[in-house]
Structures are given as structure tokens and as C-alpha cells.
Number of protein chains: 2
Amino acid sequence: MSEQKSSVMLIDDHPLLRKGLKQLLALEDDLEVIAEASSGAEAIPLATELDPDLIILDLNMQGMDGIATLKKLRDEGVTSRIVMLTVSDADEDVVNAISNGADGYLLKDSDPEILLEHIKRALSGKMVLSEAVTQVLATALRRPTVKTPAELNSLTNREHEILSFIAKGLSNKLIARELNISDGTVKVHVKHLLKKLGLRSRVEAAVWMVNQQGGKV
Amino acid sequence: MSEQKSSVMLIDDHPLLRKGLKQLLALEDDLEVIAEASSGAEAIPLATELDPDLIILDLNMQGMDGIATLKKLRDEGVTSRIVMLTVSDADEDVVNAISNGADGYLLKDSDPEILLEHIKRALSGKMVLSEAVTQVLATALRRPTVKTPAELNSLTNREHEILSFIAKGLSNKLIARELNISDGTVKVHVKHLLKKLGLRSRVEAAVWMVNQQGGKV
DNA sequence: AGATAAATACTCCTTTGGGGGTAACCCCAA
DNA sequence: TTGGGGTTACCCCCAAAGGAGTATTTATCT
């Protein structure tokens, strides 16, 4: 292995926290913070360009949140180790984070030494989870993501209707024919409903919907 | 809380291992092994009667295996903390264990001190996972283990694997990244699998698959 | 040794999907 | 009456998906 420093990038919209984190990381000779960003939008071009060894990513950010940023980063082909950092100790996003390619999920209120320890472990290629997070993960496994249909209520009738067609596997064109509207309009509805549900594609929407209604069409 | 000793029960079909474990636990003043069993069948009546604070349960046993024993115990209303113990460090049963009510999943080849530490943490109500297990758990979230019902048998392993990714909503590109193959290759597999299943799109495939396995990860 | 199947990775091509925007129309509430 | 949400419909643009073909390598089964 090399004796080179490991490059670290911080993404967090709280300057103070970045400062603190930077100080913490400065305790280690072999870590170097090479970039900081205060938003996902700002971070993505930086990350793709610099390709740091490790990215520490705040989960709770204004605008594009941590998960969205994570998705986008992986989507752009960023292969850095990415560790999510969050305040909440009962955050169910852990499942989302891990399944979207995060290499760790740490809590901001962890003991600094432990945090540093975890960060170093993450750099060495390991998956790191804060203690409290392990609970959440286990709980998530026991209660397999029964999502709140609250999100369904945010959809308009038309959007809901179109979602259910998507969940049957229909293409936009077929849905349009079914509803006697143009396929362009269907695309508009699909676009809106994906945005509202925070999903990336009709496939995700279909799976999500099928799980909502307990499957079996 | 009380100053009483915590009662522990050992279930393992290797007498030698039970002996070793007992010695290890004897190092702690506040732990007391109140029962041992060499099989699940033997263990269940004992456990229901004694209701120990903690049960240490071997995963790999002859006859009724660890998971089956675990299920049966919970089924009988045993509320003890239950920690699974296993030899294999790449054991995918971790998901099964946790989702069936295990409070921990430890490896026999862990450092004894760490093992003891974990056991005590489990007794204090926490979920404990050996380090290597955390990896497996995370991986399980990314790569769903897929069942093989009748119609799925016509698919090759790779096709099957890719179908399960589709059912999670992943794009070809992301699947390719996950499997370390080119996205062109993924498209080939998708094409083949659609043809074999008589489906017209990945959305249909996703819905079909989710219905097959009853949804969820 | 030869055949076969699976997995890999290309090519070329067309259709589909999804994000951005603008804009009309209706209807209902502030 | 003005405003906003919902539905409709279009624009542009580009990425993703999927069909068809060829080809190499590895493994397995005669």
C-alpha cells in the first residue's frame, strides 16, 4: 500500500460542522481534506473531478438532500467511499443510504474518537455503522418497509390513476390510449408523480406501487 | 436495576464449544450459565421453563438447525435475548436470524474478549453484530437473495440475478456497476430474460418478479 | 475431441422514457 | 376578480431501453 495521504471531501450545509469535522480529521496525519461543499449541487462536479478517497456526506441538507446527492454521485460514476453523516439517531434512511451505495452511516453525536475510528475503518474498505443505526437496520428487516400511503395522498387523481397503470407494466403510449389522452400528457403526469414520490424511474414506481397494494394484480 | 446475576442458556451440539463458552462466561461475576442443551428439541422445553435472560444459540446444528430453533423459541413465547453464534463468516442466514427475532449474530472465531463484550451488550438490550456480519447484512440489502419458483428455472443464474435487480428498480447501468460487467452485457441478459418470460419490458418484469416473491427485500 | 450453454462485449438501429419549459383551459377558493 | 392547482398538450433534448447481429472465452457434457 501507499504511504500517501487519503483524500477526504466534506459535504454539509453547516459550515460550523464542517469546521469541527475538519479539525477532527486533522488529528490524523494520513487524512487530508481536499474539498468541501455546502450543497449536493455544488458537490457533484467537485467530486467527479477530484475523485477523493472518501466522501463524508450530510444526510439532512437543504435542497438536494443527502440521499439524492448520494444517488447522483453514484450515478455519475463516483467510486469514492461514501459515508453518510446524520443527526437523527432513529433515521430510517439508513436502508435507503446503504442500498444506494453508501459505505457507512454514522451519527453526528457519536463520540469524536469513535467517529474518527469509524471513518478510518471506512477508508480501509469496511462498512461502518454507528451503534444505534444497527438497531434501525435490524428493525427495518423485521418490519419490511411498510411505507406510509401518506405519500399516495399527495398524488392527484390522474397521477394516481396513471401510477396504477404503470404498476401493470403499461407503456406511456398504452396508458394514453387507455385514457384517451396524448402520450405527451401521460409523460407529464409520470414526471410529476415521480418527483412527488422521490423515485427515479417508472420501474421504481411500479415496484413501489405493487408493494403498497400488497402485490397481485 | 438488580444486582442479580444474569442467567444464560447455551444451545450448541458441540460439548467442547459449550465448555469453552462456559469458561469464558465464568470470567464475569454477573453471568451464570443455568442451562445447556445440545439440540433444539432438547432446548425448547428447557428455555420455556427457565426463561433465561440470554440464550446463546448455535446456528449450525444437526437436526433442527439454529434458525428453526429460533423460530420455535419465539413461537413458544420465549422472550429471552437470543444471540446466534456461528462458525461461518460469510453466513447469509444473518438476515433470516434477525428477521426471526434474534438479538445478535456473532462469529465463533471472534476474539474471546470481544465476544464477551458483545454478549454483555446483548444482555443490556442492544443489538450486536460481529464486524464481518455487518458487511453481509449490507450486501444482502444490495443483492437480494432470490428464490427459484418453477418458471424462474428457465432462467440462467445471471439472468435470474439481473431480474432481481430490475425488481428493485435499478437501471441497466447501475446493475452493470453492481456486478462489475458492462451495461451492454446487462442489456443482453435483460433481452434474453424478457424473451424467456414472454414479457415486453423491464417494468412488466419488475412487477412480475415482485409478485412472485411477495414483494419486499 | 467436439458440441453445447453460459457469460462476456461489442456493433447498429429504433423506440421509449424523463427533465426542462411554455401555455391553454377549467374550476374553485380567497 | 385574481390566484392557484389540475388537466391537457405541445416544444426541445438527451439518456435509457430493447431488438438484432457477431464473437470470444470458459465450463460442462457427451
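Below, chains carry the letters A, B, ... as their sequence lines are ordered, and counting in each starts from 1.
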Enumerate the protein-to-nucleotides 8-10 of chain C contacts in which both atoms are nitrogen or oxygen and the separation is below 3.5 Å.
| from | atom 1 | to | atom 2 | distance (Å) |
| --- | --- | --- | --- | --- |
| C:dT8 | OP1 | B:Arg158 | NE | 3.2 |
| C:dT8 | OP1 | B:Arg158 | NH2 | 2.8 |
| C:dT8 | OP2 | B:Arg158 | NE | 3.1 |
| C:dT8 | OP2 | B:His189 | NE2 | 2.9 |
| C:dA9 | OP2 | B:Ser182 | N | 2.6 |
| C:dA9 | OP2 | B:Thr185 | OG1 | 3.3 |

Please tabulate, for side-chain N and O atoms in residues 174-190 of chain A, each donor-acceptor pair with protein atoms closer than 3.5 Å (sequence neighbours left out).
| from | atom 1 | to | atom 2 | distance (Å) |
| --- | --- | --- | --- | --- |
| A:Ser182 | OG | A:Gly184 | N | 3.3 |
| A:Ser182 | OG | A:Thr185 | N | 3.1 |
| A:Ser182 | OG | A:Thr185 | OG1 | 3.0 |

Does a side-chain N or O of B:Thr156 approach OP1 or OP2 of C:dA7 to a distance below 4.0 Å, or not?
yes
Based on the rotation axes of five pairs at each end, what angle does the helix from C:dA1-D:dT30 to C:dC28-D:dG3 bend through, to 10°?
50°
For nucleotides 11-16 of chain D, give me every protein contact, N/O to N/O, under 3.5 Å, one pair per line with atom names.
| from | atom 1 | to | atom 2 | distance (Å) |
| --- | --- | --- | --- | --- |
| D:dA16 | OP1 | B:Lys173 | NZ | 3.2 |
| D:dA16 | OP2 | B:Lys173 | NZ | 2.9 |

Whole angstroms only, please: what is the CG-P distance between B:Leu193 and D:dA17?
13 Å
Starting at atom CD1 of A:Ile175, determine the distance to atom P of D:dT8, rounded to an integer number of angstrom.
13 Å
Heavy-atom nearest pair, A:Met9 first then A:Ala37, reads CE-CB, 4.1 Å
Measure CG/B:Leu197 against C1'/D:dG19 and give the value in whole Å, please.
17 Å
Length of the NE2-C1' vector between B:His160 and C:dA7, whole Å
17 Å
Between atom NZ in A:Lys195 and atom C1' in C:dG21, what is the gap in whole Å?
12 Å
With sequence neighbours excluded, residues passing side chain to side chain donor-acceptor pair (under 3.5 Å) with B:Ser201
none
B:Glu36: side chain to side chain donor-acceptor pair (under 3.5 Å) partners, not counting sequence neighbours:
B:Arg18, B:Lys22
In whole angstrom, give the distance that lies between atom CZ of B:Arg200 and atom P of C:dT15.
17 Å
